[in-house]
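Report on the following structure.
Naming convention: chains lettered A, B, ... in sequence-line order (proteins, then strands); numbering from 1 in each chain. Any value given below was found using the heavy atoms of this structure, including those in side chains, with hydrogens, waters and symmetry copies removed.
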2 protein chains.
Amino acid sequence: MKPNIKDIARLAEVSPTTVSRVLNNRGYISKQTRDKVNQAMRELNYYPNELARSLYHQHTYFIGLIFPTTGNPFFGELIFHIENICASLGYKIFLCNSLDRADKEQSYLEMLQRNQVDGIIVGAHNRLPEYKKINLPIVAIDRYLSDDIPVVASDNLNGGKLATKWLLDHGCREIIHINGPRELETPANKRRDGYEQMMKKAGRTPVTYELPESLIYSTCVETVRQVFNNHPKVDGIFASDDLIAATIFSEARKRGIMIPDELKVVGYDGTETVRICLPYLTTIRQPIKEMAEKAVQVLLRKIKGQFEEENREIILPIRLVEGETGRSIHS
Amino acid sequence: MKPNIKDIARLAEVSPTTVSRVLNNRGYISKQTRDKVNQAMRELNYYPNELARSLYHQHTYFIGLIFPTTGNPFFGELIFHIENICASLGYKIFLCNSLDRADKEQSYLEMLQRNQVDGIIVGAHNRLPEYKKINLPIVAIDRYLSDDIPVVASDNLNGGKLATKWLLDHGCREIIHINGPRELETPANKRRDGYEQMMKKAGRTPVTYELPESLIYSTCVETVRQVFNNHPKVDGIFASDDLIAATIFSEARKRGIMIPDELKVVGYDGTETVRICLPYLTTIRQPIKEMAEKAVQVLLRKIKGQFEEENREIILPIRLVEGETGRSIHS
DNA sequence: TTTCACATGTCAACCCATTGACATAAACTA
DNA sequence: TAGTTTATGTCAATGGGTTGACATGTGAAA
């Protein structure tokens, strides 16, 4: 069905080797022959079989991406940037949505290895034993997977501090933190540490609520309700991501709590989507594009064997973005 | 470096053919041999090279996805579902973010062909001549690519009608429509047709504003301002997607326009992300998961050669989702 | 006239797994 | 005991492209 190099050779009346030489720009080829070959390729709508080349070269230019879900705007934007950078460098992306389920993650890892990816970027959270066995360049984003896998993260500790400080500076007296499930040691838990440190420094008692499941925001409403029920006087909430912050807004709206007069909220992530939807949300903006760049850069260095062990944890600076002010009424 | 089938054979003290028989469950194998082979595979951390198998079988189980960007929640969620379904069927996804740029789309198409994908699902909008030449199963989502490429879309015409009707029913007197660039014949333009039909039916004059660029919402603010400036008495806007609706909300907030008292807005898409962020937004919900299912189903049928030409355009029903009411103040 | 850059061809090995053909042999079964 | 089922091995071809070795030939420069 599909033409191969021999078909091109036949049509261009040259040898397969010559076609290969044209394709790879090796050895001597006359302009005339080159044209003839190119013409034949166009005529037959020929594309060299990259699988065969990869097989020979032991190098696929495939990169596997394991993230919870592209549906979440933070991951969606991160993945967009990663793919974009990779594409510009000739690398191709296998997309895997793990939904933070260990079994899925496990089978994706196997799939990626079977398909000979050159490396993997992981933003999924399971600390699978598998990762120790994989003999493949891996970079994690915002996750500690194993001791020897480099991690790219935003400055979560500082983010937690800044968020809390902003609430304190804006006169909040009862500040609660809502975070995802504490699970394993993810850098994102440092947001909580930052919150707790800053609270203690201000002589307050930190109170953190943990969500039962991350990413499933419908289950998060219940926790938010608890916060309001248990702390009728809460006037500041630091949410560990923007969609939790959005959920807080909704619940506040239902309860007739005025924002920001009665309650101030700081979110986390600062994706474009959320900034379009909730421009009045104050949030800690993660440098998403820079994280993508750094992760790809480190991965490619590992792939090329130029990775120096020194910088195993790469922390990028965050920024607090104040929400727009100006009053308006939505119902 | 990586072990191959011969390494396994050597360690398990069998022939490579026997290993292959174990892997593919062909012919007769004793339990004892099977165990020995499996043990060897575990020991060497062996994964069969899927590239080699694909090369032989002329079937990769790769599917290419070309969409503008995973960063947009609609595409992010759509891609999530597509990947999810494909993964459950043993297909793997090559992710391509075209940003609606024809040059990128073109080079992705070439890349996918070189990498021997079994099929492509396209949600990018360029009507490239290339598509006629590609000798590969393709399915489009919400885009007419060429006459013989099946399209999966939501019922845009009805969506436009429903949205407009809702605004009319809620007493709006001056209703404007904001849509993406008209470009080529995309099914999404039928939202506009629906709006115009419904307006005419109600004896009103339809007014549609076109955005200069889709997906870049920063440029969309200017258009929204124009709408407000040119139509001080506008009290209803049908936005062709939710993020445009969000932009309208923001601008309204800046101008002190009360929502919904003075202005009612209906969006389009109804992604989870936007429903979390803007639960009070009335919108036309596209059946994202069903669209993903249908697209994959049609593509796989084409891949397997079971596709019947009859149903070339598959239209799935939409639903108007009313925003939550209840007043609250954000600033 | 010699030498060398240029141009192309032939051939085989290689990457890794699959598969069909064929051989061999042990263990059942009729 | 003959015939069948089970179990495994050997071998070569296949898929598509790459590459190194080597051969051959032309034309131009030294």
What string of B, S and - do you get for nucleotides 12-19 of chain C, 5' to 3', if B is base contact, S is sugar-phosphate-only contact and - is no contact with any protein heavy atom under 4.0 Å? --BBBSBB
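Sequence order on DNA chain C of the closest nucleotides to A/Val14 and A/Tyr28 puts A/Tyr28 first from the 5' end.
Protein atom CG of A/Asn25 is 12 Å distant from nucleotide atom P of D/dT18, rounded to whole Å. At whole-Å resolution of the value, CE in A/Met1 and C1' in D/dG16 are 16 Å apart. Following rounding to the nearest Å, A/Ile29 (CD1) and C/dG9 (P) show an atom-to-atom distance of 11 Å. Distance A/His59 NE2 to D/dT19 P: 14 Å, rounded to the nearest Å.
Listed by chain and residue number, nothing satisfies the side-chain hydrogen bond (donor to acceptor under 3.5 Å, both in side chains) test with B/Ser107 (two or more places apart in sequence, or in another chain). For A/Asn24, the side-chain hydrogen bond (donor to acceptor under 3.5 Å, both in side chains) partners are A/Ser20, A/Arg53, not counting sequence neighbours. For the salt bridge (Lys or Arg N to Asp or Glu O under 4.0 Å) test, no residue two or more places apart in sequence or in another chain qualifies with A/Lys304. In this structure A/Asp148 satisfies the side-chain hydrogen bond (donor to acceptor under 3.5 Å, both in side chains) test together with A/Ser146, sequence neighbours excluded. Residues forming a side-chain hydrogen bond (donor to acceptor under 3.5 Å, both in side chains) with B/Gln286 (at least two apart in sequence, or on another chain): B/Ser154, B/Asp269. Among residues two or more places apart in sequence or in another chain, the ring-ring contact (aromatic ring centres under 6.0 Å, His included) test is passed with B/Tyr108 by none.
With hydrogens and angles ignored, the 3.5 Å screen pairs a side-chain donor or acceptor of A/Asn4 with a backbone N or O of A/Asp7. Put simply, the side chain of A/Ser98 never gets that close to the backbone of A/Glu105: no donor and acceptor are under 3.5 Å apart. Side-chain N or O atoms of B/Lys92 include one that pairs as donor or acceptor with a backbone N or O of B/Thr60 at under 3.5 Å.
Residue pairs meeting the ring-ring contact (aromatic ring centres under 6.0 Å, His included) criterion with at least one member in residues 19-58 of chain B: none, sequence neighbours excluded.
Between A/Phe75 and A/Phe67, the ring planes lie tilted relative to each other; the angle falls in the 30° to 60° range. Classification of the B/Tyr91-B/His59 ring pair by plane angle, with boundaries at 30° and 60°, yields perpendicular.
A side-chain N or O of B/Gln39 and one of B/Glu43 form a donor-acceptor pair less than 3.5 Å apart. When only modelled atom types and interatomic distance are considered, A/Asn115 and B/Glu50 share no side-chain donor-acceptor pair under 3.5 Å. Inspection of the B/Gln116 and A/Lys2 side chains reveals an N or O donor paired with an N or O acceptor under 3.5 Å.
For the segment residues 30-37 of chain B, no residue has any heavy atom less than 4.0 angstrom from an atom of DNA chain C.
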Nucleotide N/O of nucleotides 25-30 of chain C paired with protein N/O under 3.5 Å:
none

Protein-nucleotides 26-29 of chain D N/O pairs under 3.5 Å:
none

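Taking the screw axis at each terminus of the helix from C/dT1-D/dA30 to C/dA30-D/dT1 from five consecutive base pairs, the angle between the two is 40° to within rounding of 10 degrees.
Nucleic acid contact class of A/Leu51 (heavy atoms, under 4.0 Å, all strands): none. Residue contacts shown for A/Gln116 are absent, as no nucleic acid heavy atom lies under 4.0 Å away.
Scanning both residues, B/Pro73 and A/Thr273, for their nearest heavy atoms gives CD-OG1, 3.6 Å.
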